[in-house]
Amino acid sequence: MTTEPSKIRVLLVDDHMLVLDGLQARLEMEANIEVIGTASNGLEALEKAQQLQPDLVLMDVSMPILNGLEATKRFRSEQANIKILMLSMHNDKEYILSLIQSGANGYVLKDVSSEELVQAINMVYQGGTYFSSKASDALFGQAAKTALEEEALSPRESAVLVEVASGFSNKEIAVRLSISARTVETHRQNIKRKLNIHSSAGLVKYAIEHNLID
């Protein structure tokens, strides 16, 4: 007797009913995804997540009562095991970076195809991070993004590199990115290995040269 693979249990959060209906209809076409509930603001999302225990929350950023940024912060402190994938129309660098620092696992712009959204859900559920191409361009800049891709840094490693180059300690980075200090150190060592850089000063120099920091 074969056991069916478990589905990704998704909670959808958006303050526009038409968007929720469209997302739910599209995602339910996927054999490995189950939409277990919807919410119209961040506060309702936290309450629904407590009740339904989703694997992943697909959440808009701009919402009434409690927006996606503040909701993400609360998810990380109250229900840290749930993956958070942000869905937004904004591709401003500071906007995206603030979401990453709050603990979001990915950021997808609303102009992506439904196929890319499904890919993002699967990648984040499996423990990865995902940024749609325009979000990556806004976050890292095209030249920096190309350089990082050539060095095979993951989006999370890139985010850690920015924090390291900005002068934050492992403990501070852990708090800012909602990960453990041990995970930060692992990312830091992986970055040094991939870039063949052996000092923090070298990382700062690399980040400046590739326009990751001013």
Taking side chain as C-beta onward, heavy atoms only, is [X] less than 4.5 Å from [Y]?
{"X": "I191", "Y": "I197", "result": "no"}
{"X": "L27", "Y": "V118", "result": "yes"}
{"X": "N190", "Y": "E157", "result": "yes"}

Inset, instruction - Verify side chain to side chain contact (heavy atoms under 4.5 Å, CB included) between V124 and I84, making sure each step is shown before the conclusion. - result: CA-CA 8 Å; V124 168; I84 307 292; over 6 Å; no

Roughly how far, to the nearest 0.5 Å, is [atom2] of [Y] from [atom1] of [X]?
{"X": "Q51", "Y": "L11", "atom1": "CD", "atom2": "CG", "value": "10.0 Å"}
{"X": "N41", "Y": "E47", "atom1": "CG", "atom2": "CD", "value": "8.0 Å"}
{"X": "I173", "Y": "S180", "atom1": "CD1", "atom2": "OG", "value": "12.0 Å"}
{"X": "L58", "Y": "L20", "atom1": "CG", "atom2": "CG", "value": "9.5 Å"}
{"X": "L43", "Y": "K48", "atom1": "CG", "atom2": "NZ", "value": "11.5 Å"}
{"X": "R188", "Y": "E163", "atom1": "CZ", "atom2": "CD", "value": "11.0 Å"}

Do you know which two heavy atoms are closest between [X] and [Y], and how far apart they sit?
{"X": "S102", "Y": "L69", "result": "OG-CD1, 2.9 Å"}
{"X": "L87", "Y": "D60", "result": "O-OD1, 2.9 Å"}
{"X": "H198", "Y": "K192", "result": "O-NZ, 4.2 Å"}
{"X": "L203", "Y": "L195", "result": "CD2-CD1, 4.3 Å"}
{"X": "D15", "Y": "S62", "result": "OD1-O, 3.6 Å"}
{"X": "S40", "Y": "M63", "result": "O-SD, 4.1 Å"}

Legend entry - side chain to side chain contact (heavy atoms under 4.5 Å, CB included) evaluation trace for N105 with L85: CA-CA 6 Å; N105 302 101; L85 178 60; over 6 Å; no

Legend entry - Passing candidate, side-chain contact (heavy atoms from CB on, under 4.5 Å) with V10, options V57, D55, L56: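 One option only clears the test, and that one is L56.
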
Inset, instruction - Assess whether atom NZ of K110 is packed by more than 12 heavy atoms of other residues, nucleotides or ligands within 6.0 Å. - result: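 Correct, the count exceeds 12.
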
Inset, instruction - Verify side chain to side chain contact (heavy atoms under 4.5 Å, CB included) between I8 and E34, making sure each step is shown before the conclusion. - result: CA-CA 6 Å; I8 305 172; E34 178 185 6; over 6 Å; no

Legend entry - Pairing of R26 and D21 as salt bridge, 4.0 angstrom limit: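 Salt bridge absent between R26 and D21.
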
Legend entry - Check ion pair K7-E30 (N to O, under 4.0 angstrom): no

We want to know whether [X] and [Y] form a side-chain donor-acceptor pair, criterion being a heavy-atom distance below 3.5 angstrom.
{"X": "T186", "Y": "T183", "result": "no"}
{"X": "Q24", "Y": "E28", "result": "yes"}
{"X": "N122", "Y": "N32", "result": "yes"}
{"X": "Q189", "Y": "E185", "result": "yes"}

Inset, instruction - Mind running side chain to side chain contact (heavy atoms under 4.5 Å, CB included) on E78 and Q50 for me, showing each step along the way? - result: CA-CA 9 Å; E78 299 171 15; Q50 191 69 47; 5.7 Å; no

